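No experiment lies behind these values; they were computed from the predicted model shown. Numbers restart at 1 for each chain; the letters A, B, ... are given by sequence-line order, proteins then strands. No hydrogens, no waters, no symmetry mates; every other heavy atom, side chains included, goes into these values.
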Protein chains: 2
Amino acid sequence: MGVTIKDVAKLAGVSAGTVSVVLNSKTGVSEKLRENVMRAIATLNYHPDHIARSLRVRRTNTLGMVLPQINTMFFGQVLRGAGDEALREGYSIFICDSNADVAQEQRHLATLYARRVDGVLLASAEVYFHRPEGAGREIPIVFFDRIPSGRRGPAVTTDNSEGAQEATNHLISLGHRRIALISGPLSISTGFERAEGFRRAMGAAGLPVREELFLCGDYMLEGGYRCAKELLSLPVPPTAIIAANEEMTMGLIQALADMGIPCPERVSIIGFDDLVTGPNGFSLATMFVPKLTVVAQPGYETGKVAVRTLLQNIGDIERKQEQEEGIIRLPAELRVRGSTAPPLR
Amino acid sequence: MGVTIKDVAKLAGVSAGTVSVVLNSKTGVSEKLRENVMRAIATLNYHPDHIARSLRVRRTNTLGMVLPQINTMFFGQVLRGAGDEALREGYSIFICDSNADVAQEQRHLATLYARRVDGVLLASAEVYFHRPEGAGREIPIVFFDRIPSGRRGPAVTTDNSEGAQEATNHLISLGHRRIALISGPLSISTGFERAEGFRRAMGAAGLPVREELFLCGDYMLEGGYRCAKELLSLPVPPTAIIAANEEMTMGLIQALADMGIPCPERVSIIGFDDLVTGPNGFSLATMFVPKLTVVAQPGYETGKVAVRTLLQNIGDIERKQEQEEGIIRLPAELRVRGSTAPPLR
DNA sequence: TTGAAAGCGTTACCAG
DNA sequence: CTGGTAACGCTTTCAA
């Protein structure tokens, strides 16, 4: 069926090796020969077999990406950034949704390894990362968003601590003192760091972090909803609430609506992530009433930088150079909108 | 570096071919031999090379998916459905964002063909589809969401006409007569079909489709915004507006907000697509004020069915059977919420 | 039931 | 600068 390099060689009256040289090296071929070969390629409509090439050169120009949730706005942005950068560099990406499940993540990783991807982008469901069982070979990994302990390799994430601090400081400067955090799991790096930024800002302002105002959610909508209800049912409820990720922010808003608590009059809220959708960077946070004050994460940039870092490391390994191992923290940005206001009285 | 099938064979004291048989056929191997080989595999930590295997068997267990916009709620759902189904069947998916650009789509398709994917899932940016230039081989394609004319091969999409009819009928039954449509491009099948459903419902009710109330947008937020403003600035504005996709719905809502027009008091609105995010099927449409009445599309199911159909066709080709060529229309569902109400007076 | 050998479509090495 | 030949790691005949 398929037309191979040999067919081209035959038609052009040269050897297969020569065709390969024409195809792969810019130089070292007489102009006449090159034209000859190119014509044969065109008439036969030849397309090199990427699989055969991969087998031979031991490089697939393929990346694997596994993340805990494919259809959220944040990861949607990451996907775009990663895809754009990969395309630019001639790489394709296998995208795998682990469903935040460790077993599924392992399964995906095993598949990716078997497929000989050149590198992996990983937002791991695991708290402590061990390389996939029996990978055989070492494949460069770049962690993004959440960074498991025990990792080896570079990571790119948002400056979560700084972002949470800014959010908290904003509330403090508005005059809030009873500020609550619906935190993510402290076992996940982003959850821990955001909690830590919150604590630091509170501490710096001489405000106590009351136990009943510091609730750990699970990064899921339902958890955020539950925590919000708990907070708002307190004898003395908080005057401001920060939710530590996009889904819990929705839960929080729903709880407010269900309980009929006006925002920002009775309680100010800040979400994490700007709920950006579509290619033009439109924020859904502006469609809520009131418009949501948020800490925006640079999702697109995260994907882009993660791919760039991974490609860099792949290159370094080939050149047997030292690889990057550090954590790259992309800046978060507080976007003040209508959901935050000074507390009553 | 990597441990190969030969290493396993050597350790187990058999030939490479035998190891392959043990690995790939359930039967025809003595129990003792099998155990022997398996032990060798375990101790060596051997993992078959998927690339080499693909080259030999001329099948990659890989699918390509190209879509015009990766980070929208609708396609996010499709991605999940497709990914889940592919995983179940042992396939991996290359996901490619064409950015709704024909040239980029062609580029992606060429890459996918070179990589010898077993099949392609395509939400095409092209109105008239031609197979990618010089694909060499015929690869099965399943179209999803939008269906270009000139296609060959099956397609799965929402029952757009029916969905638009239901939406229109709902408004009519509420008493609306001046109903406007912010349509998608009529060159795109989904746009055309939704417009057609709208027309049909209006016709059946004996209502005219006024020219000034039938605007063609571009499926983008800005376009929806512009159309909405135009409609609402009319001397006699419509009492109800339907927007034909998710981004134009946002544009419509924004226009309403900017112009300070109360919904549903002064104008009722219906969006297309339910803005579902996350794994639990949570609809963002419920977070707007008022909650949005929408025509929901079964995005997850679309992805799932598309993959299933594609795999079916791949199998049929191998068995040299006739392949499916029809259009599968998944039902749309009207979800009535707060943004639709009877017109004033 | 098992082994040997011939490819799958490339690229890389080594002669000429 | 070009051609032949040997891999790459696997599966699949075909014999034994």
Side-chain angles (χ1 to χ4, degrees), chain A residues 1-38 40-41 44-62 111 113-118 135-137 318, chain B residues 1-38 40-41 44-62 111 113-118 135-137 318:
Chain A
M1 213 188 341
V3 26
T4 77
I5 201 170
K6 283 181 192 166
D7 302 320
V8 175
K10 196 175 301 175
L11 180 60
V14 297
S15 81
T18 304
V19 176
S20 177
V21 169
V22 170
L23 240 35
N24 296 310
S25 24
K26 344 249 99 205
T27 173
V29 172
S30 74
E31 198 47 45
K32 224 178 74 185
L33 181 67
R34 145 169 257 102
E35 264 185 36
N36 210 345
V37 170
M38 291 314 261
I41 287 178
L44 287 180
N45 190 21
Y46 165 72
H47 286 256
D49 185 328
H50 192 273
I51 295 289
R53 177 167 215 287
S54 293
L55 178 60
R56 180 65 235 231
V57 304
R58 322 191 63 54
R59 196 165 38 79
T60 55
N61 270 254
T62 300
T111 307
Y113 274 61
R115 283 166 185 272
R116 300 298 189 257
V117 296
D118 296 335
R137 330 168 299 131
E318 276 175 4
Chain B
M1 213 186 341
V3 26
T4 79
I5 202 171
K6 282 184 192 161
D7 301 322
V8 175
K10 196 174 300 175
L11 179 59
V14 298
S15 81
T18 304
V19 176
S20 177
V21 169
V22 169
L23 240 34
N24 296 310
S25 25
K26 346 246 99 207
T27 174
V29 171
S30 75
E31 197 49 44
K32 226 178 72 185
L33 181 67
R34 147 169 255 100
E35 265 186 36
N36 210 344
V37 169
M38 291 315 261
I41 287 176
L44 287 179
N45 190 21
Y46 165 72
H47 286 255
D49 184 327
H50 192 273
I51 296 289
R53 178 169 213 286
S54 293
L55 178 59
R56 178 65 234 234
V57 304
R58 322 192 63 55
R59 196 165 38 77
T60 54
N61 270 255
T62 301
T111 307
Y113 274 61
R115 284 167 185 274
R116 300 298 188 256
V117 295
D118 296 335
R137 331 168 296 134
E318 276 174 4

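- Every residue meeting the salt bridge (charged side-chain N to carboxylate O under 4.0 Å, His left out) condition with A/E318, not counting sequence neighbours, appears here in chain and number order: A/R59.
- In terms of the side-chain hydrogen bond (donor to acceptor under 3.5 Å, both in side chains) criterion, B/T111 has no residue partners (sequence neighbours excluded).
- In this structure A/T4 satisfies the side-chain hydrogen bond (donor to acceptor under 3.5 Å, both in side chains) test with no other residue, sequence neighbours excluded.
- Bending across the helix from C/dT1-D/dA16 to C/dG16-D/dC1, expressed as the angle between its end axes from five pairs apiece, amounts to 40° (10° rounding).
- Under the side-chain hydrogen bond (donor to acceptor under 3.5 Å, both in side chains) criterion, B/S30 pairs with no residue at all, not counting sequence neighbours.
- Atom CZ of A/R56 is separated from atom C1' of D/dC10 by 15 Å (rounded to the nearest Å).
- Taking atom CD1 of A/I5 as the reference point, atom P of D/dG4 lies 14 Å away to the nearest angstrom.
- Pairs engaging residues 11-22 of chain A under the side-chain hydrogen bond (donor to acceptor under 3.5 Å, both in side chains) rule: A/S15-A/T18, A/S20-A/N24 [sequence neighbours left out].
- For the segment residues 10-19 of chain B, residues with any heavy atom less than 4.0 angstrom from an atom of DNA chain C are, sorted by number, B/G13, B/V14, B/S15, B/T18.
- The side chain to side chain contact (heavy atoms under 4.5 Å, CB included) test applied to B/I41 returns B/V8, B/L23, B/V37, B/M38, B/Y46, not counting sequence neighbours.
- Applying the salt bridge (Lys or Arg N to Asp or Glu O under 4.0 Å) test to residues at least two apart or on different chains, none of the pairs has a partner in residues 6-17 of chain B.
- Counting any heavy atom pair closer than 4.0 Å across all strands shown, B/I51 reaches no nucleic acid atom.
- Contacts between chain A and DNA chain C, taken as any atom within less than 4.0 angstrom of a protein heavy atom, begin and end at C/dG9 to C/dA12.
- For A/D118, the side-chain hydrogen bond (donor to acceptor under 3.5 Å, both in side chains) partners are A/T60, not counting sequence neighbours.
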### Task
Go through the steps for B/N36 and B/V14 under the test side-chain contact (heavy atoms from CB on, under 4.5 Å), then give the verdict.
CA-CA 9 Å; B/N36 210 344; B/V14 298; 5.9 Å; no
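- Between B/R53 and the phosphate of D/dT11, there is a side-chain N or O to OP1/OP2 separation shorter than 4.0 Å.
- B/S30 comes within 4.0 angstrom of sugar-phosphate atoms only, judged by non-hydrogen atoms across all strands, and of no base.
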